[in-house]
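Taking it in order: structure first as structure tokens, then the write-up.
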Amino acid sequence: MKVKIESTRLVKPFYQDTTPLTTSDYVPLSVFDKATYDQHIAVIYAYNPPTQSNADIELGLRKALAAYRAWAGRIGEDSNGNLVVLLNDKGVRFVEASVDYPLDRTMLLKPSPFLLTLHPGVKDVSELVQVQLTRFSCGSMVVGFTAHHRVADGHSSSNFLVAWGQATRGLMISPLPFDDRTIFPPRCPPEVKFQHRGAEYIPKNFKKTYPLIDHDTNDIVVHRVHYTAEFISKLKAKASHNNKRYTTIETLLAHLWRSITRARGLNLSDTTKLRISVDGRSRLNPKVPNEYFGNLVLWAFVTTEVKYLLHEPLSYAARLLHEAIVKVNDDYFKSFIDFATHEVKDDGELVTNTESSSNPILWPDLEVDSWLRFPFYDLDFGGGGPYIFMPSFSPVEGMLFLLPSFLGDGGIEVFVPLFQQSLETFKEICYSLE
């Protein structure tokens with residue numbers, strides 16, 4: 001199924017009152033922006049017909065960019081060499097494409113390299129947002145969206161996408177973004193209470209030692225798993241211990257961590273680590289508005305030996321996850337602000353610990369991005385929300401994505417990239433409650 005590119009161009013913000021909402025020349029990147037992935041993240045939406053015209057969707061995009069002006073800029077430096085987003089309105093990439101066949105839903109539901117043809121490439125891109133509208137002969141439309149992670153996290157990006165839909169439908173954008181990245185001042189004197197070296201930042205010369213694994217990166221397969229609400233309920237009951245119940249994400253990740261570790265065939269003496277993103281908006285005191293536009297995410301790190309992970313009950317892994325996530329609180333976020341402002345700036349040998357952006361293999365570890373609470377399904381151009389929302393094809397072994405089920409049944413979809421040899425075992429045990 002060949003995707004034909006019909007046109008590609010830059011589109012710029014449309015200021016209805018001819019005046020930009022911001023008057024400065026740039027937006028400084030916060031310590032959280034600098035700590036995250038220096039890359040584009042790509043997602044895919046699929047819509048049933050009838051859909052709005054490309055012209056209407058483009059105009060809506062331009063109106064949304066007027067409110068979220070940073071997306072139309074470029075990453076650069078200020079006069080002191082600090083990373084910033086230049087508010088130069090150079091625009092975002094807008095691509096129109098077509099396919100002379102009906103949309104086969106199974107091609108979307110089974111992650112494959114075909115998904116990469118449904119959005120612009122993400123390597124060496126100067127634009128901070130890219131959009132591709134692909135029309136199929138049946139009238140269906142697929143929207144491919146890529147955004148630079150240094151500008152905004154998933155929470156902020158989903159708010160922008162909702163605003164794009166509102167603008168396309170002729171509605172006022174509400175709420176408007178809270179666009180002030182200077183609200184995270186370091187304390188004086190700084191109070192670095194936690195160990196951030198080796199967590200968010202690592203030495204430049206750090207080399208991760210991978211175990212000897214007889215696999216090629218071409219053998220990585222992305223498998224989609226659907227967990228029903230009923231299965232998750234049973235899993236949570238199984239994980240409960242001494243009247244302690246764990247959250248859905250703590251329970252499901254405990255199950256996945258155990259299942260993937262067993263499928264990988266790790267030695268009992270091996271150590272495995274799980275890393276999960278934690279949103280700071282509700283954890284900081286005072287709380288940061290949900291409309292905050294930018295990155296406000298740190299990570300919880302959990303480490304254990306394989307023998308304990310597999311031989312202890314499910315509640316063991318759930319407890320480890322719970323304790324690690326709870327620790328990423330107001331104190332932790334403020335300690336990181338102090339560390340990143342003072343110690344990172346003074347130590348030129350530290351770099352961000354965003355390994356999966358450059359390493360296609362996380363074995364024996366896992367990294368998790370949860371999109372369960374983001375309103376991605378609310379991107380409505382006028383014909384209703386999408387029937388599918390999903391990440392693009394991302395074959396990074398051990399990098400998991402969690403998002404609400406396509407079926408709207410309260411279930412969860414998990415995208416699991418593993419080596420083919422591990423995947424067969426994983427399929428056999430991923431639904432087991434034993």
Side-chain angles (χ1 to χ4, degrees), residues 1-11 40-65 91-123 125 127 129-147 157-158 160-162 164-170 221-224 226 371 375-395 401 403-409 413 415:
M1 188 177 291
K2 185 176 180 180
V3 176
K4 180 182 178 183
I5 303 300
E6 304 287 354
S7 69
T8 178
R9 59 187 177 277
L10 292 177
V11 299
H40 271 248
I41 304 297
V43 296
I44 302 292
Y45 288 90
Y47 292 85
N48 286 316
T51 58
Q52 296 296 98
S53 69
N54 287 7
D56 287 341
I57 294 173
E58 178 184 349
L59 179 58
L61 177 62
R62 294 181 62 201
K63 290 178 179 178
L65 289 173
V92 306
R93 178 67 52 186
F94 188 82
V95 178
E96 296 174 291
S98 63
V99 175
D100 291 332
Y101 292 93
L103 177 59
D104 184 350
R105 295 190 180 195
T106 60
M107 296 192 71
L108 298 179
L109 295 176
K110 185 176 181 180
S112 73
F114 170 70
L115 297 178
L116 301 176
T117 67
L118 298 176
H119 62 77
V122 296
K123 299 293 186 182
V125 178
E127 296 87 2
V129 156
Q130 301 180 108
V131 171
Q132 180 174 318
L133 307 183
T134 304
R135 301 282 182 171
F136 290 77
S137 62
C138 59
S140 296
M141 176 181 70
V142 170
V143 178
F145 176 83
T146 87
S157 295
S158 62
F160 167 74
L161 289 162
V162 171
W164 179 15
Q166 290 174 336
T168 302
R169 302 198 308 272
V221 179
V222 181
H223 179 62
R224 180 180 62 86
H226 173 72
W371 297 349
F376 283 109
Y377 278 101
D378 293 344
L379 176 52
D380 178 3
F381 297 116
Y387 68 85
I388 287 179
F389 162 73
M390 62 188 295
S392 181
F393 183 65
S394 181
F401 290 92
L403 54 152
S405 170
F406 311 141
L407 304 177
D409 60 354
E413 309 288 342
F415 291 79

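Just so you know, these numbers use all the heavy atoms, side chains as well, and skip hydrogens, waters and symmetry mates.
Counting heavy atoms from C-beta on, the side chains of Phe401 and Val222 never come closer than 4.5 Å. Under the 4.5 Å side-chain criterion, counting only non-hydrogen atoms from C-beta, Arg169 is in contact with Asp380. Side-chain contact between Phe381 and Thr51 is absent, with no heavy-atom pair separated by less than 4.5 Å. At a threshold of 4.5 Å between non-hydrogen side-chain atoms, the residues Leu403 and Pro391 count as touching.
Residue Tyr101 qualifies as open at atom OH: its count of foreign heavy atoms under 6.0 Å is 12 or below.
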side-chain contact (heavy atoms from CB on, under 4.5 Å) between Arg93 and Val125, intermediate numbers included: CA-CA 10 Å; Arg93 178 67 52 186; Val125 178; over 6 Å; no
Audit row: Asp409, His226, side-chain contact (heavy atoms from CB on, under 4.5 Å) steps and yes/no: CA-CA 11 Å; Asp409 60 354; His226 173 72; 3.3 Å; yes
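In terms of heavy atoms, Leu379 sits closest to Leu161 at CD1-O, 2.9 Å. Taking all atoms of both residues into account, the shortest heavy-atom contact from Ser405 to Glu413 is OG-OE2, 3.1 Å. Taking every heavy atom of both residues into account, Glu6 and Ser98 meet most closely at OE2-OG, 2.5 Å. The minimum heavy-atom distance between Ala42 and Thr146, with the atom names listed, is CB-CG2, 3.8 Å. Between Ala46 and Leu108, the shortest heavy-atom distance links the atoms CB-CD1, 3.6 Å. When every heavy atom of Phe415 is checked against every heavy atom of Arg224, the shortest pair comes out as CZ-CD, 3.9 Å.
For the pair Arg105 and Tyr387, the cation-pi test (distance below 6.0 Å, angle within 45°) is passed.
Note: Met390 CE to Phe406 CZ = 5.5 Å, rounded to the nearest 0.5 Å. For the atom pair Met141 CE and Thr134 OG1, the distance stands at 9.5 Å (nearest 0.5 Å). Expressed to the nearest 0.5 Å, how far CG of Leu61 lies from CD1 of Ile57 amounts to 9.5 Å. Residue Glu58 holds its CD atom at 8.5 Å from CG of Leu133, rounded to the nearest 0.5 Å. Atom OG in Ser140 sits 10.0 Å away from atom CD1 in Ile388 (nearest 0.5 Å). For the atom pair CZ (Phe145) and CZ (Phe160), the distance works out to 5.5 Å, reported to the nearest 0.5 Å.
Trp371 and Phe376 have tilted rings, their planes meeting at an angle from 30° to 60° on a 0 to 90° scale. Between Phe389 and Tyr377, the two ring planes are perpendicular [angle over 60°; tilted spans 30° to 60°].
Distance alone, capped at 3.5 Å, places no donor-acceptor pair between the Gln130 side chain and the Gly144 backbone. In this structure, the side chain of Gln52 does not engage the main chain of Gly383 through any donor-acceptor pair within 3.5 Å.
Under the 4.0 Å criterion applied to side-chain N and carboxylate O atoms, Arg135 and Glu96 are not assigned as salt-bridge partners.
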